[in-house]
Amino acid sequence: MLRIENLSKDFGGLRAVDHCSFEVPAGTIFGLIGPNGSGKSTIFNLVTGFLLPTEGEIYFKGERITGWPPYAVVRKGIARTFQLVRVFRNMTVMENMLLGPKHQVGENFIAGVLNLPAVRRQERENVKKARELLAMMGLERFENEYAGNLSYAEQKLVEIARALMTDPDFLMLDEPASGINPTLVDNILQHIRRLRDEQGKTILLVEHDMNVVMNLCDWIVVLNYGQKICEGTPETVSCDPRVIDAYLGV
Amino acid sequence: APATPTPAPQATQPAAGQVCTVGFINHLTGDAAAYGQSMKKGVELALDKINANGEKIRVIFEDDRLSAADAQTAFLKLVDSDKVPVILGSGSSTVTLSLCPKAEERKVVLISSISTAPALKQCGDYVFSAMASDDAQGPEWAKVAEYLKADEVAVMYLNNDYGIGVKDAFLASYKGKVLIAQPFELGAKDFRTEILKVKATNPKVVFIVDHVAEGSIVIKQAAELGMNVQWVTDVSMVAKEVIDLAGAAAEGIMGLRAGSTQTPEYKEFEAAFQKKFNEPPTIWADFSYDTMMLVAMAIDKYGCNSEGIQKGLMEVSQSYVGPSGPKAFNEYGISQGVYEWMVVKDGKWVLYEKK
Amino acid sequence: MSEHTGETLLEIRDLVAGYGKIEVLHGISLKVQRGEIVTLVGANGAGKTTTLRSIMGLTDIRAGRIIFDGTDITGWSPHRVAARGIAFVPQERSIFPSLTVYENLEMGAYQLPPGEFAARLEAIYARFPRLKERYRQRAGTLSGGERRMLAIARGLIANPALMLVDEPSLGLAPKVVEAVFENVQGINREGTTILLVEQNARRALAIAHRAYVMELGHIRYEGTGRQLLEDEQVQRLYLGGART
Amino acid sequence: MDIFAQLLVNGLIAGGTYALAAIGYSMVYSILKFINFAHGSIAMVGAYITFFLAIQSLHLPLPAAFFLSMLLTALLGISVERIAYRPLRRAPKLATLTTAIAVSFVLDAAVMILMGADIKTFSLPVMQGYSIGPVLITPVQIIIIGASLLFMLLLYILLTRTKLGKAIRAVADDPSLAEASGINANVVIAAVFGIGSALAAAAGSLIGLDTNLQPTMGFLITIKAFAAVVLGGLGSVYGAIVGGFIIGIVENLGVWVIPPVWKDTIAYGILILVLFVWPAGLFGSVEEAGVLQQ
Amino acid sequence: MEIAVHLLVLITIYGILAISLNLMVGMAGLFNLGLAAFYGIGAYTSAILSRNFGVPVGLSLLAGVALAALIGFIIGLPTVKLVGDYLAVVTMGLGEITRAVFKNWVPVTRGPMGLPGIPHMSLFGFKLDTAPFFLAFSFLMIAVSFILVERIRLSPFGRVLRGVREDEMGAQALGKNTYWYKMTALVVGSGLAGLAGGLFAHYMNFIDPSSFVMWLTFFIFLAIMMGGLGNNLGAVVATGVLMVLREGLRFAGLPPAVAAPLQQLIFGILLIIMTIFAPRGLIPEQKPRYD
Ligand SMILES: Nc1ncnc2c1ncn2[C@@H]1O[C@H](COP(=O)(O)OP(=O)(O)OP(=O)(O)O)[C@@H](O)[C@H]1O
Ligand SMILES: Nc1ncnc2c1ncn2[C@@H]1O[C@H](COP(=O)(O)OP(=O)(O)OP(=O)(O)O)[C@@H](O)[C@H]1O
Ligand SMILES: [Mg+2]
Ligand SMILES: [Mg+2]
């Protein structure tokens, strides 16, 4: 699904990602872990076109997407969340959700202004789906609240729900569990697992909560100072002394 | 119309208790407020005289903000709500031009003190201007040039209807060589580069047409940049502001003055103005004073209605001489200009004495 | 209850507060004794952050009292509260993004006498070596975890009497989480009282002397850290079922 | 080449006043993230206060009037912030922009009522400038350039060396976090308005000394300073200074080759070109550029 | 009273400008300070075509709309990439440049002298040469503009625009090509401004560069901010309120010595008071509901 080759990113003198290569096979839940500042979020930003790599190539669904603008990359079937929540603060939660789906007929100027039947039908479906997802996140009562008026975690949940709205082939989640109540985390994990099992979706996950990572991921890549230090199944990775030393501690 | 001598207005009796309401539209705020406010003072001075023996005329002052749309609003307010038969029109030619179709349509007299665009001739019977068209100043400049034996000159002009009008008229009647015709913008404060360009052509005589706000800065900055030339200005720069700012550098500047400062009418006006406002007459106040007086005389003669005023203005103006000179309206309703040559001597504008 | 039966450092009485017209806290009361670590846990949106912000004077208070060290600080503006000896590590927007790491720390020490800064800085760098490495970087470009470290360091450097910490472990790597909780305990042992909000409730309760559980703007339970940790109800609702 | 040197100096003179005006603008922007469209009007009031103190009524010596005017204008700036901007601190930024425009209406009209609409001049003696090499320059113009450089130096020291300077940057970044760190944001913001307005008064007075005074002169100052600030990069005080000088110089050089009626066009043309190359101005950061979008 | 009709005509014309600016600024976050330029382009195009070349007024009006939109498009190509206040200053510059063209392209625009004698509006041979007739027409035009922009606001397209306004990167992360959304808003907005300009030209029958100054842009800005950014009804209502306030003060009988500046002073103070009491505008942006 996604292949990264020899990817590097420099910020001034700092090399945030250093000749990194790995491949995310379709239909897996793939974990990306590593100490703070090891370059995980930077890889997210490189893949989605928010940053341009200093070196290296990125392939998505077999196509080279290096240097594409974000919207074009995302349109190929990616949905992502941000580590620092990014909701549209002066729009309601429902509006936030409805911005999720790609290729909406009504987002075309003419069709939107004419309010064609197809547009209305699609809107109805999307609203229904949004309500289901909001219910899962426990956010029903905020449907018509401005997203900026929600608490930190509530905003984060909106962002995750919005990513799920888009029905992506490839879902990239940057620390979905941090700051979220553990009970709710369980719900979200189950949903993610279902996405893979029932719909064959691919998920790339950055997370510091080892419970989540170990329970959920099929395969894990560990970064340190921008370099891949090892990869493998959760079991092998968690026993690797380099990982314990750099990341997990004793 | 034959010239029938009209008695001075103060000599007539006020019509039995009737107060005639008259409108005034000018730029009272914004960039050009200095001129509008000054013209307002001239009208106020005239009113003191007209109403000395009981109120005969009341003026309602409206702001056009130098915009055609706002002038239209002011016009309609005056006509519909205050029911004025006559409006002392705007100082800006473009604003006056924009009002003239409405004035003709509603049959309201529009009389501007200083609008000089030649296009005003086409406006119709109800539109008057108490100042000669731009095309009159140009030939007068040419006379000055001839007198100064200047066979090459530079011209600096303001880039608006007025500046272009005067410049073009001058170029049409001047026989010598024009080294450069340098425009500059209204509202700017830094003209140094423009001046350097003119200076680079080494002129001995520079003709400049400008508003005082900008023109005085030009003269000052030119002096600072070491430009020693004989300046000749248009009528609007013959004002104390130029001397205030340019100081010693203003010494020797020549300029045209519409009307005459030497007449008894002007001297009387000057004294009265000084008394009322505690300052020497401000720019164009004499012109607006005269328009007010003319309107008052017309009202006296044919009453407070627009047809009467229209007719009256044509008649009374023929023999009227005010501080700004004789005001006889021609067939277009435009006064003919007489020009006086002025010069700055010992920090004052005085009559230029031809040798 | 606690071994710190000493004096009350902070007391909140029947506090009603919120944002503009929206009321979030519907009358909560809690106490923090000098020298304690007190933890506030609860579901998302329960009002934990709002409680801390209210203490700092960053919300609109409708009713109730906040008493700190014998002084009624209700309605004080935040800078006075800070000057009185309370430091705040917010959950979001916890650093000055366009200032460098070093300057951020300087701002944290704004209330400190000039001489003390250098010594405190050394102590902070010792606790968070990563910040020393990055001291000239603009804080806005730090990674998520680095930001948290800086935020905590910013609060700590002021040497406050009471520190309000909102989710210190947010986004930190496991090893660093360990270190942060150790740090919190360390700071506490050195004499700083701590009011802690944490979603990683198991860890937080484990180091807390006492704790409160919040739900929809009310305080639901209160007890020692251990009591709540073992309470079945609390476990089921807030600690996330059977996971280890 | 001589002409070129003269044009350059002329550009510096114009640029000095733009830069002085732009500093206050930029400081206010960096801290409150809105364009203070009243800034030019405040400069205009400063110029009139100097005129009033030195010429119209008290006949104070000019330098005394100048500094007293800076002080009084600082107080005016602080009051404007208190009355018209502070109540809107938590409102959308565009609301503050509305009141800023309204404040400029009010100030312009007030000066027009109190001082009249006519053109005022300081009537300083006019003389041909000193020749320095091929360049002519008058003492007032030397003072303009000197004063702008001096004030910029003082400002640099203030911003980098003092506690207030750091507090200003902190409040600019995040007012509520600054408050929570023990910084009195209201005092800091008042100080910014005070300093910015005092510098505006200096700019206005210098322009007034060099040319003349009109109640509407503030608009031009606002526009030029705005362009300078954007050119330099929003929120970057040093950028604003550089921007001011660049605009002054470019205008003066440009008019040499292009008719002056296109003068503003040249300034804007340069500005537009620069922004296409550096989308956030010369010294600005792209991340901060979007802040005004509510 | 004709003045009432006149003010209503101006309100409808400025109202269209407010709707246009609201689309660009309020909905799409495009801080366009060059509004007066597009307004002027519409006015000059329609005036020149009908006055000098005898093009029927309806057609010339459309041509003005088209040219304003086209220039909006060309200007937009490089500029909509800029954000926030940078866009503001570029559009402001373009506005001033356009005005310099009106002022200095004398053979075509007659420069500062202005264009007199612009033909009256006519529809299918019927001449709208009285103010009430014209009002009916301009009212129709504002209604059309209003419905168009309301439709945009309520459509998924408009939702994306709001998303772009809130956080452009965020919208890109959702796969929206924000560039084209902004572009569309700019083009439609410019066209509407051109329409307002054309109406103005044929109503006043005279235009000169002083009608297209930046103050007008500021005035419309005040209107949309006061009306409630993003709310079209608010924008139109506020335009009316501001116009009536500003022109209504003429009737207040203020002391003649200082009436005009005093009107400006009072207008300013009222603006400040209104903003402080309703910082989100008279009618704040409405939350769209989905049922
Ligand atoms: N724009 C930037 N300029 C300079 N340095 C940057 C920039 N963005 C990121 N960095 C640096 O690059 C490194 C990698 O950052 P990144 O955000 O990818 O880390 P991360 O692995 O996501 O960490 P965390 O787990 O803490 O979120 C960090 O040290 C950070 O300081
Ligand atoms: N600025 C605001 N305006 C209006 N309502 C707000 C605002 N901030 C928070 N709220 C509301 O107050 C409630 C409590 O928010 P608070 O941030 O205190 O929760 P919290 O307990 O800290 O949650 P979390 O675990 O998500 O951080 C939330 O439901 C939220 O909707
Ligand atoms: Mg990260
Ligand atoms: Mg919280």
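Convention: sequence-line order gives letters A, B, ...; per-chain numbering from 1.
Of the residues considered (C:Glu146, C:Gln91, C:Arg134), C:Gln91 shows the highest number of contacts with chain A, using heavy-atom pairs under 4.5 Å. Highest contact tally toward chain A, considering only C:Ser143, C:Pro174, C:Gly144, is held by C:Pro174 [criterion: heavy-atom pairs under 4.5 Å]. Counting heavy-atom pairs under 4.5 Å between each of A:Lys40, A:Glu154, A:Met210 and chain C puts A:Glu154 at the top.
With a 4.5 Å cut-off on non-hydrogen atoms, C:Arg130 touches chain A through its side chain but not through its backbone. With a 4.5 Å cut-off on non-hydrogen atoms, C:Leu142 does not touch chain A at all. Looking at A:Ala16, there are no atoms closer than 4.5 Å to chain C (heavy atoms on both sides), in backbone or side chain. Of the two parts of A:Asp174, neither the backbone nor the side chain holds a non-hydrogen atom closer than 4.5 Å to a non-hydrogen atom of chain C. Only the side chain of A:Ser151 comes within contact range of chain C, with at least one heavy atom under 4.5 Å from a heavy atom of that chain.
Minimum heavy-atom separation, A:Ser178 to C:Gly171: CB-N, 4.0 Å.
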Test log, rule side chain to side chain contact (heavy atoms under 4.5 Å, CB included), inputs C:Leu170 and A:Glu175: CA-CA 10 Å; C:Leu170 198 70; A:Glu175 306 203 10; over 6 Å; no

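Distance OH/A:Tyr152 to CD/C:Glu167: 8.0 Å, rounded to 0.5 Å. If you take CG on C:Asn200 and CG on A:Asp209, they are separated by 7.5 Å, rounding to the nearest 0.5 Å. Distance OG/C:Ser169 to NE2/A:His208: 10.5 Å, rounded to 0.5 Å. For the atom pair CD of C:Gln137 and CG of A:Leu14, the computed distance is 6.0 Å after rounding to the nearest 0.5 Å.
Remark: the backbone N or O of A:Asp245 is paired with a side-chain donor or acceptor of C:Lys175 at under 3.5 angstrom.
Around atom OH of C:Tyr135, no more than 12 heavy atoms belonging to other residues, nucleotides or ligands sit under 6.0 Å away. Enclosure of atom CZ in C:Arg226 is not indicated, since only 12 or fewer non-hydrogen atoms of other residues, nucleotides or ligands lie within 6.0 angstrom.
Of all residues in residues 41-53 of chain C, those placing a non-hydrogen atom less than 4.5 angstrom from a non-hydrogen atom of chain A are C:Gly42, C:Ala43, C:Asn44, C:Gly45.
Looking at A:Val85 and C:Glu92, their side chains come closer than 4.5 Å, going by heavy atoms from C-beta outward.
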Extract all donor-acceptor atom pairs below 3.5 Å that involve side chains of residues 131-141 of chain A and protein atoms in other chains or at least two apart in sequence.
from, atom 1, to, atom 2, distance (Å)
A:Arg131, NE, A:Glu143, OE1, 2.8
A:Arg131, NE, A:Glu143, OE2, 3.4
A:Arg131, NH2, A:Glu143, OE2, 2.9
A:Arg131, NH2, E:Tyr290, O, 2.7

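With C:Gln199 as reference, A:Asn181 is the one residue of A:Asn181, A:Ile180, A:Leu184, A:Val185 to meet the side-chain contact (heavy atoms from CB on, under 4.5 Å) rule.
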